[in-house]
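When reading the values below, keep in mind they use all heavy atoms of this one structure, side chains included, and skip hydrogens, waters and symmetry mates. Below, chains carry the letters A, B, ... as their sequence lines are ordered, and counting in each starts from 1.
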Number of protein chains: 2
Amino acid sequence: MKLPPLVQSFVLHFGEMGSRWGINRTVGQIYALLYVSPGPLNAEQIVDALGVSRSNVSMGLKELQAWNLVLLKHIPDDRRDYFTTPDDVWLILRTLAEERKKREVDPTLSVLRELLMQTPGSEDERHAQARMAEMHGLIERLTNWYEDVKRLETERLAALLALGAKVTRLLEAKDKVVGLVRPRKGG
Amino acid sequence: MKLPPLVQSFVLHFGEMGSRWGINRTVGQIYALLYVSPGPLNAEQIVDALGVSRSNVSMGLKELQAWNLVLLKHIPDDRRDYFTTPDDVWLILRTLAEERKKREVDPTLSVLRELLMQTPGSEDERHAQARMAEMHGLIERLTNWYEDVKRLETERLAALLALGAKVTRLLEAKDKVVGLVRPRKGG
DNA sequence: TCTCCATTTCAGAAATTCCTGAAATGACGG
DNA sequence: CCGTCATTTCAGGAATTTCTGAAATGGAGA
């Protein structure tokens with residue numbers, strides 16, 4: 001691996017983290033390299049930079065494309081494929097969230113739904129099903145929320161993030177206003 | 001593995017998903033089993049239910065305890081260890097978020113901080129560092145937001161979730177009110 | 001159609017992770 | 001101190017994943 005020290009550290013870190021993220025070392029390194037590179041790279045350049053086999057790079061790029069985390073670019077008068085990551089870190093975040101949801105939560109949600117349809121054959125099964133219902137309910141709430149916020153424009157999303165826990169104050173304020181307009185029983 | 005069909009399906013699914021979640025099959029299965037069980041189980045019962053070795057269960061339980069996802073319980077006049085998962089699914093969610101952050105984002109954040117301290121030695125390094133700064137900024141915003149919301153009581157958190165994208169309407173309303181009280185330049 | 005070159009596929013080697021049985025450790029009552 | 005029983009450790013075998021080189025595929029121009 002021949003890279004400027006700063007880039008090398010970054011790339012190596014992503015390689016190591018890869019395993020905790022369900023991607024392998026090479027895939028992590030390729031992503032990191034593309035992320036910090038000033039321009040698109042072709043497979044051969046990645047091979048040189050990382051010192052792994054051509055075929056490994058090919059497979060890694062394929063996986064990253066399946067994740068929508070790298071983009072294929074073409075350079076005029078060059079028939080090799082060039083790759084980049086999206087510039088916009090917010091877009092990267094959205095993509096990551098979307099793909100992880102697709103792979104990590106959707107299958108579970110669908111299994112839970114299926115199991116909840118079945119009729120329990122014993123007291124233990126009845127209890128198990130109740131627990132599954134709790135899990136299903138929580139996951140569904142979370143994914144509904146996610147479906148909502150992912151539609152927000154980045155600017156609004158950023159505003160929301162910046163607000164942090166202060167949203168609760170807003171909530172309180174809202175309750176008060178609503179309470180004034182339409183007083184609750186026992187209020 | 002000898003389990004009621006409903007439970008078995010659930011346990012097998014968690015086993016398979018395990019790999020996508022950075023835990024292994026047995027660990028996933030143990031967790032799933034404890035999650036749906038009506039009461040605490042000891043290691044031997046888990047061995048019988050899952051059909052894996054005693055030592056494997058021991059290691060799996062150890063890992064789950066490291067994740068704070070299972071609790072050790074003692075039953076009077078029985079010197080074996082019994083295990084459960086927390087009842088409250090919200091608590092489980094919080095624990096999961098906390099532990100994943102600890103393992104998956106904190107190390108990256110700290111590497112990024114370190115690399116951002118260094119002086120770039122070339123134009124490419126300068127660019128790489130700028131990209132790292134973008135990533136660092138985003139992650140920091142997210143973790144700050146997370147630190148904020150994790151302090152909310154569950155009830156408030158649920159309210160926030162239920163609100164979903166409607167928070168933006170609240171934001172707009174707030175802007176308007178604030179605008180009335182303290183009109184902006186050019187408003 | 002043929003050649004050239006980029007890319008992909010794939011069988012098997014290398015590396016890593018997972019799992020097991022056996023032995024070690026620990027904790028309690030006698 | 002023992003004996004007993006529960007748990008943990010750990011070396012090495014099993015299973016899985018990752019990586020490679022060689023061969024196959026594909027596509028553009030001659």
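Shown here is A/Lys62, whose NZ atom has no more than 12 heavy atoms of other residues, nucleotides or ligands within 6.0 Å.
Using a 4.0 Å heavy-atom distance criterion, A/Thr26 is classed as a sugar-phosphate-only contact. Backbone-only engagement by A/Arg25 is indicated by non-hydrogen atom pairs under 4.0 Å involving sugar-phosphate atoms exclusively. Using a 4.0 Å heavy-atom distance criterion, B/Asn56 is classed as a base contact. Backbone-only engagement by A/Asp81 is indicated by non-hydrogen atom pairs under 4.0 Å involving sugar-phosphate atoms exclusively.
Checking the phosphate oxygens (OP1, OP2) of C/dC5, no side-chain nitrogen or oxygen of A/Arg80 falls inside 4.0 Å.
A donor-acceptor pair shorter than 3.5 Å can be found between the side chains of A/Arg94 and A/Thr154. When only modelled atom types and interatomic distance are considered, B/Thr26 and B/Asn56 share a side-chain donor-acceptor pair under 3.5 Å. In this model, a donor atom of one side chain and an acceptor atom of the other lie less than 3.5 Å apart for B/Glu98 and B/Tyr146.
Distance A/Asn42 CG to C/dT7 C1': 12 Å, rounded to the nearest Å. Atom CG of A/Asn24 and atom P of C/dT17 are 11 Å apart (whole Å). Distance, B/Arg54 CZ to C/dG21 P: 13 Å, rounded to whole Å.
Mapped onto DNA chain D by nearest heavy atom, B/Met59 and A/Ile23 fall at different nucleotides, with B/Met59 at the one closer to the 5' end. Comparing A/Phe83 and A/Ser19 by the nucleotide of DNA chain C whose heavy atom lies nearest to each, the residue mapping closer to the 5' end is A/Phe83.
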Inset, instruction - Would you sort out whether A/Asn42 and A/Phe83 count as a side-chain contact (heavy atoms from CB on, under 4.5 Å), showing the intermediate values? - result: CA-CA 6 Å; A/Asn42 65 41; A/Phe83 300 90; 5.9 Å; no
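Summarising the geometry of A/Lys73 relative to A/Pro40, their closest heavy-atom pair is CD-CG, 4.2 Å, with the distance given to 0.1 Å.
A side-chain donor-acceptor contact under 3.5 Å links B/Gln129 to the backbone of B/Leu115. In this structure a side-chain-to-backbone donor-acceptor pair under 3.5 Å is present from A/Arg131 to B/Tyr35.
In the 5' to 3' direction, nucleotides of DNA chain D lying under 4.0 Å from heavy atoms of chain A begin and end at D/dT18 to D/dG27.
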Interface polar pairs with nucleotides 27-30 of chain C, N/O, under 3.5 angstrom:
none

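For A/Arg103 and B/Trp21, the positive end is not near the middle of the six-membered ring at less than 6.0 Å and at most 45° from its axis.
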